[in-house]
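Keep in mind it's a predicted model, so treat the numbers as computed, not measured. Chain letters run A, B, ... following the sequence lines, proteins first and then strands; every chain starts at 1.
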Protein chains: 2
Amino acid sequence: MSDQKKFLLSENDIPKQWYNVQADMPIPAEPALHPGTGQPAGPSDFAPLFPMELIMQEVSKDRWIDIPDPIRDLYRMWRPTPLIRATGLEKALGTPAKIFYKYEGVSPVGSHKPNTAVAQAYYNKIEGTKRIVTETGAGQWGSALAFACQQLGIESKIFMVSASYDQKPYRKSMMQAWGGTVTSSPSNETAAGRSILAGSPRSPGSLGIAISEAVEIAAQNEDTKYALGSVLNHVLMHQTVIGQEAVLQMEMADAYPDIVIGCAGGGSNLAGISFPFIPEKLKGRPTRLIAVEPEASPSLTRGRFAYDFGDAIGMTPLIKMHTLGHTFVPNPIHAGGLRYHGMAPLISALYDAGIYEARAYHQNACFEAAVLFARTEGILPAPEPSHAIKAAIDEALLAKETGEEKNILFHLCGHGHLDLSAYDEYLSGNMVDYSLPDAEIAEAMESLPQL
Amino acid sequence: MSDQKKFLLSENDIPKQWYNVQADMPIPAEPALHPGTGQPAGPSDFAPLFPMELIMQEVSKDRWIDIPDPIRDLYRMWRPTPLIRATGLEKALGTPAKIFYKYEGVSPVGSHKPNTAVAQAYYNKIEGTKRIVTETGAGQWGSALAFACQQLGIESKIFMVSASYDQKPYRKSMMQAWGGTVTSSPSNETAAGRSILAGSPRSPGSLGIAISEAVEIAAQNEDTKYALGSVLNHVLMHQTVIGQEAVLQMEMADAYPDIVIGCAGGGSNLAGISFPFIPEKLKGRPTRLIAVEPEASPSLTRGRFAYDFGDAIGMTPLIKMHTLGHTFVPNPIHAGGLRYHGMAPLISALYDAGIYEARAYHQNACFEAAVLFARTEGILPAPEPSHAIKAAIDEALLAKETGEEKNILFHLCGHGHLDLSAYDEYLSGNMVDYSLPDAEIAEAMESLPQL
């Protein structure tokens with residue numbers, strides 16, 4: 001047999017603490033501001049929406065935060081996840097680089113999202129929450145939350161964007177199989193939904209509207225809280241179990257990474273793979289950290305680092321982040337998880353400080369990379385991590401040119417078994433390669449709040 | 001944390017040999033007969049369709065057959081697969097039994113099928129085959145073969161039943177992503193297809209017709225061979241890597257199984273998990289081996305042990321097996337992989353010898369078990385292994401009644417991420433619970449060939 005391909009850990013190697021990058025920020029991230037007063041938002045501002053333990057994690061500067069045993073117990077359902085050397089892809093590229101990928105597609109929902117969903121459900125459970133409400137687009141996050149709530153014995157209610165609810169019923173069935181209540185948004189159950197339906201009875205919905213509905217329900221019901229699948233500091237921190245395992249596994253492979261790559265939408269999947277490599281980088285180890293975003297939603301590469309709303313409508317606290325303006329609506333690329341106008345404040349601040357690089361790719365180039373990966377490594381990737389694959393391939397080809405034996409690590413955050421229609425579109429030559437004119441960004445930028 | 005949940009092996013533990021149960025048959029399986037002469041079929045009869053090494057494996061009595069290194073190298077893409085203790089399910093049932101499942105859903109195609117697909121593609125490759133042709137219903141086997149051929153650099157051509165080709169395009173896209181050529185069957189490319197289309201231009205196709213087309217192409221082209229995804233002796237043998245790993249893993253768990261359970265369609269998935277436990281059973285260790293079939297296609301529980309054709313039309317050699325008659329067309333249950341009129345000759349002979357038990361379940365009961373499993377263990381199972389889950393639950397509840405601490409092992413041969421519409425049907429209360437009248441079986445039995 002050729003070189004070792006898979007690097008596996010035992011249950012005992014599941015991290016016992018989350019790594020909190022807030023302890024190591026070169027420049028601390030700036031606080032969220034109350035949307036009404038413009039003053040820093042305090043814990044009490046968030047208390048109607050989140051359990052107190054998560055609010056405390058959101059602002060903690062402790063470097064390590066213990067993972068409660070019941071959460072580690074749930075992690076065991078799919079963790080530790082494998083680190084795999086892409087020997088087939090390396091061979092196809094003829095590169096001297098070693099390419100590794102951390103694979104989160106083995107989780108019950110097929111992505112990394114449950115890492116934070118079970119943590120959030122747990123803290124809600126012990127603080128007495130009876131129901132968690134959230135929004136979902138195509139359904140990745142909604143299914144992770146439904147799964148987690150099912151495990152903890154909490155009800156889940158998911159507002160699913162109407163267009164997806166009707167056209168992509170598969171994720172809906174998955175959420176329902178895990179006991180979730182799925183509501184097409186806009187709905188008649190909220191004032192926000194009714195106001196939209198009054199003006200547009202057949203509205204296809206949007207993530208922004210669904211967030212408004214979910215937040216409204218949580219704010220009005222004592223026993224109900226809200227949950228978010230990315231962007232927030234505590235969400236990113238929960239995902240660091242991925243990178244901590246990868247640190248151990250890259251040691252097993254005797255291949256400390258020269259480059260760590262993740263796709264970036266809200267930022268949690270990139271944070272998960274890369275944050276645990278930051279302490280060594282700050283000590284001078286020259287690992288490059290690369291964020292890869294879609295050309296259709298390039299908040300790092302073409303956005304501005306400014307205070308903006310987290311949602312599309314302007315209800316949330318203001319957060320300092322790289323943003324395209326909260327009214328920006330990305331083109332309907334298949335990588336739905338990357339269609340967000342902003343970027344997590346922590347990633348944004350680290351990018352601003354030069355800790356991260358960023359680049360953007362067009363949709364077709366990513367699917368080309370995904371198909372090459374599927375043909376050489378077997379696993380059919382989701383559209384989102386195909387962005388990371390494209391970057392890994394480009395770096396490996398660069399290493400081929402220069403003859404350098406780089407160690408490249410990327411995050412394969414999910415499989416594409418629920419995205420096969422996108423492959424069909426690509427393989428039949430019908431995929432649109434959306435471009436984004438500067439004027440469109442400039443227009444959305446005008447929605448940035450004036451402070 | 002509670003008891004260990006996952007039992008993982010290293011790459012070095014991937015079996016180095018396949019276990020050939022033909023060495024241990026209490027009564028040897030009877031030979032295949034030439035359909036024209038009624039005489040035992042020899043290697044030359046099969047040579048137009050299969051490479052010689054597979055033909056030799058088909059009739060070998062050697063207990064162990066070496067797995068070539070290049071095949072083990074490919075197995076490393078997903079093997080060893082995990083053995084998982086169903087702690088969540090045990091708790092929900094309140095059973096003293098320990099329930100374990102071997103999970104093959106981690107493979108690139110999401111099922112156990114690649115275990116034989118890569119082996120078959122390999123032997124074809126070294127004997128000079130340029131193209132492998134096969135048939136597929138909903139697409140599980142076709143995608144495994146496309147994947148395997150892609151890995152070995154062979155072309156693959158898959159005749160996909162027309163109804164699935166049009167209504168379930170996802171598997172088609174998967175096959176194409178792996179470079180497979182997918183043709184809707186019946187097609188104009190074969191005499192068999194043209195004869196069907198002449199009589200019925202809009203025929204929805206059937207597995208029987210697709211087999212005829214694939215075999216015709218293979219028989220007429222020197223560089224093209226045929227491949228089958230179940231039933232044959234060598235196919236079952238390739239799947240024994242599953243059970244061999246499970247033997248090691250159950251030892252790690254210190255829980256030799258009292259009961260081993262697999263669903264049974266053609267028989268390869270059941271053989272894979274259970275054959276490696278047969279030598280100890282023959283020595284007197286009292287492990288029960290249970291085949292679980294759908295009530296809609298009960299070849300073991302309601303069929304006859306007789307010579308019959310392997311295909312629906314009557315082109316193949318005659319094989320001695322449990323059968324409902326080759327013209328039997330099972331109702332359209334979602335467990336498409338279990339919709340076969342017969343049962344592998346080796347499983348049939350072992351059932352006849354009392355080595356296996358068998359039972360049949362209705363569709364709705366299996367989905368009820370699948371949803372309970374998804375809610376307690378997280379993994380959403382494919383419809384086929386939900387039959388095994390139902391049996392495991394029934395045995396665990398029996399153990400609860402009797403207070404016995406049984407060790408139950410079942411095979412979770414695939415995930416259900418491509419079967420979510422079936423879950424939707426079940427959860428919305430629209431699933432048909434097909435029954436099978438005796439008269440329908442009796443009618444199909446009339447198609448049994450007279451020898």
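- The NZ atom of A/Lys172 lies 10.0 Å from the CG atom of B/Leu427; values are rounded to the nearest 0.5 Å.
- Contact of A/Leu9 with chain B is made through the backbone alone, with heavy-atom distances under 4.5 Å.
- For A/Glu368, there are no salt bridge (charged side-chain N to carboxylate O under 4.0 Å, His left out) partners, not counting sequence neighbours.
- Residues of residues 378-387 of chain B that come closer than 4.5 Å to chain A, counting heavy atoms only, are B/Gly378, B/Ile379, B/Leu380, ordered by residue number.
- Here the NE2-OG distance, from B/His417 to A/Ser143, works out to 8.0 Å after rounding to the nearest 0.5 Å.
- Heavy-atom proximity under 4.5 angstrom to chain B picks out A/Val371, A/Ala374, A/Arg375, A/Thr376 from residues 369-376 of chain A.
- With rounding to the nearest 0.5 Å, the separation of CE in A/Met77 from NZ in B/Lys6 is 10.0 Å.
- The parts of A/Tyr170 that come within reach of chain B are both its backbone and its side chain, each placing non-hydrogen atoms under 4.5 angstrom from that chain.
- In this structure, CD on B/Gln176 lies 8.0 Å from OG on A/Ser428, to the nearest 0.5 angstrom.
- In this structure, NZ on A/Lys5 lies 15.5 Å from CZ on B/Arg79, to the nearest 0.5 angstrom.
- Taking 4.5 Å as the heavy-atom cut-off, the residues of residues 418-426 of chain B that approach chain A are B/Leu418, B/Leu420, B/Ser421, B/Tyr423, B/Asp424, ordered by number.
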